[in-house]
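Convention: sequence-line order gives letters A, B, ...; per-chain numbering from 1. Since this is a predicted model, take the numbers as computed values, not measurements.
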Amino acid sequence: MSKVKPRGKVPKKATIDEVIEIKTLIRHPMHSGRMKDKDGKNIPRQIINSFKVDFEGKEIFKMKLEPSISTNPYIAFPYKAKKTGTFNFEWKDDSGNTYTMKRKMTVS
Amino acid sequence: MKTIKMIKISRRNAIALMLGTAGYIMSSGIAFAGKEQVLKRINEITKGKGAKELDIFLDLPEIAENGNQVKVNFEIESEMTKENYIKNVYILADGNPAPDVAKFSFTPDMGMCSATTRIRLSKTQNVVLVAENNKNEYFMTKSKVKVTIGGCGG
Amino acid sequence: MSKYTRRSFVKTAALSATALSMPSIAFGALPKVVVIGGGAGGATAAKYIAKDSKGKVDVTLIEASKRYYTCFFSNLYLGDFRNYGSIGHNYYGLAVNRGVNVVHEWAKSVDPAAKKINLGSGGSVSYDKLVVSPGIDLKYDSINGYSADVQSKMPHAWKSGTQVQLLKNKVKGMKKGGTFVMVPPPNPYRCPPGPYERVSMIAHQFKKSNPTAKIVVLDPKKKFSKMGLFQEAWQKHYPGMIEWIGVDTHGGLKNINAATMEFETDLDTFKADAASVVPAQQAGAIAMTAGINKGDWCPIVAGTMQSQADKNIYVLGDASIAKSMPKSGFSANSQAKVAANHIRGSLTGSKVFPARYSNTCWSLVATNDGVKVGASYKAGAEKIDVTSKFISKTGESSDLRKATYEESIGWYEGITSDMFS
């Protein structure tokens, strides 16, 4: 029912050696498996369990998410700008679905 | 169910005594990770070496008015060079149903060891950060968060 | 001076503003109180001064609208729990039952030195004591791209009436599976839980008729009133529909493009199919003309609700800084009674009781699921202090939530009758 939607902010431009902050947010209910629906039935666990970021094909950061991560996972982290290129963001959920997002950054 | 719970309690008491920590109260009906599970996880993560307690910057509210979304931010001083960098950071909590909250894996490319996310806290509890560097050395810090239900008209 | 003559005079006086300077002559000896604004603060103050002084004080209420639509419960109209007519009230009861001189005019400015109010029509009214209860004005320019023109496209609906009707049309007319963007105001503002009750009521509409719709809340705040309760309710009743994003996540609303319906934040640009934008607020303009404001709001004396700048002027409700009380209809009603008691005391020598205030903010989150937060207060040395407080808990039984909702309906009937009859 809920549409998973990734969002993210990477500065469009950075100077060389600048440490930038990358922010991401993905719309996801993060059903922990311990919540009940309004009929009192257990909602099965369904969470985003991993997050991975590549820059120009090289992995720079990843995260393993557990049910204790809030609904609509928000993840922010730094990156030291070296060259112009593209970030590839990838989220995976318990059903094996993959959600991706690309962001470009120009470094001068 | 009842038997398991009883075993759990006795095991907890035993461990609590072993560790020399004060006993803690278990909420009836709901099993929370508890301190000993967190200690067990620290033991697993550090491969039995244990973690040195350091004054790591772990930013959490002292009082969270909403346990559904508690912002956590940390920053660990590190060169973040190939020779010397923080490889993994684990966030654990002793008052949620399971001790693990998240694991962050860093690379020297990041230039800095820092991250922010939002976590669920079922009740007042300790949030523990364990960091592992590329030399397989371990460091930790913890922070207590009081979880209340927020309101206030204004 | 029989009540009859006074009443019939009231009726003719109300017809023409030029006649307004007459009552003080006609009633010579009677002290004169003028109340500006006929909402929860003003209507209550006018009623209680008139009622309890038993004809010893001449009370005039200046209110531009002939029909008053309450802000409280306007969200329930959005959710189809009330019809529009049921949140509208008139001033007939105040005029007829209480002998209040009700004047439907625009109060343009206050001259505190001359103790006079200038009206939009050119007339003026003088006073011995003035009650200023004008509610809020919206600071349209507090958000880039928002304006008085854009309010028809993205209604704030933070003053009740046609804006709320407009918003309901936008909600009901939104395309299937579309995205509704809600921008709540920054603190301090009228009705702290209001934006989140609104989100709940819009979600309730969508659940019925547009179940794949989404609501994105771009909040300028990091947290909000009854946050845990609302978020629990949203997850329970509208799973996956509502995405609340606080300022520490989206980084701030940079601009609204009304033409493309785009909301630009530091995190992302959000595209809306329908939207409600509530800008920052300040005390109603009339308060500023009286020079009783300090910045956007009017500081008061905690024990009496008198303006700190002028002891002949009382400020009630949203326009005041009544810390620690929130800006709510309940607060204004409670403050009005304290002010009315003090005004009568100073004009007629009647007994003045120590100030006691109270407030409760109910919010309906879904059918028969009501939550509340409230407190009792007394006057402290510097501000109004909380003496006790309460709030609904997460995980409450459906029976208790239903009882809370029913209590709010009872309160609505009670306060509107207290204000207008």
**Student:** Non-hydrogen atoms of chain B under 4.5 Å away: do they reach the side chain of A:Ile69, the backbone, both or neither?
**Tutor:**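 For A:Ile69, backbone and side chain are both near chain B.
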
**Student:** Can you say whether the rings of A:Phe61 and B:Phe104 are parallel (under 30°), tilted (30 to 60°) or perpendicular (over 60°)?
**Tutor:**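 A:Phe61 vs B:Phe104 ring planes: parallel.
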
**Student:** Are more than 12 heavy atoms from other residues, nucleotides or ligands located less than 6.0 Å from atom NZ of B:Lys144?
**Tutor:**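 Count not over threshold, so no.
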
**Student:** Under a 4.5 Å heavy-atom cut-off, does chain B meet the side chain of A:Leu25, its backbone, both or neither?
**Tutor:**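 The side chain, not the backbone.
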
**Student:** Please list every donor-acceptor pair closer than 3.5 Å that links chain B with chain A, giving the two atom names and the distance for each.
**Tutor:**
unit_1   : atom_1 : unit_2  : atom_2 : d
B:Asn68  : O      : A:Ser70 : OG     : 2.8
B:Asn96  : ND2    : A:Ser68 : OG     : 2.9
B:Val101 : O      : A:Glu66 : N      : 3.2
B:Lys103 : N      : A:Lys64 : O      : 3.0
B:Lys103 : O      : A:Lys64 : N      : 2.7
B:Ser105 : N      : A:Lys62 : O      : 2.7
B:Ser105 : O      : A:Lys62 : N      : 3.1
B:Thr107 : OG1    : A:Ile60 : O      : 2.5
B:Asp109 : O      : A:Lys80 : N      : 3.3
B:Asp109 : OD1    : A:Lys58 : NZ     : 3.4
B:Asp109 : OD2    : A:Lys58 : NZ     : 2.8
B:Met110 : O      : A:Lys80 : N      : 3.3
B:Thr116 : N      : A:Ala76 : O      : 2.8
B:Thr116 : O      : A:Ala76 : N      : 2.9
B:Thr117 : OG1    : A:Tyr74 : O      : 2.7
B:Arg118 : O      : A:Ser70 : N      : 3.0
B:Arg118 : O      : A:Ser70 : OG     : 3.2
B:Arg118 : NH2    : A:Asn72 : O      : 2.7
B:Ile119 : N      : A:Ser70 : OG     : 3.3
B:Ile119 : O      : A:Ser70 : OG     : 3.2
B:Arg120 : N      : A:Ser68 : O      : 2.6
B:Arg120 : NH1    : A:Met30 : O      : 2.9
B:Arg120 : NH1    : A:Pro67 : O      : 2.9
B:Arg120 : NH1    : A:Ile69 : O      : 3.4
B:Arg120 : NH2    : A:Pro29 : O      : 3.4
B:Arg120 : NH2    : A:Met30 : O      : 2.9
B:Arg120 : NH2    : A:Thr71 : OG1    : 2.9

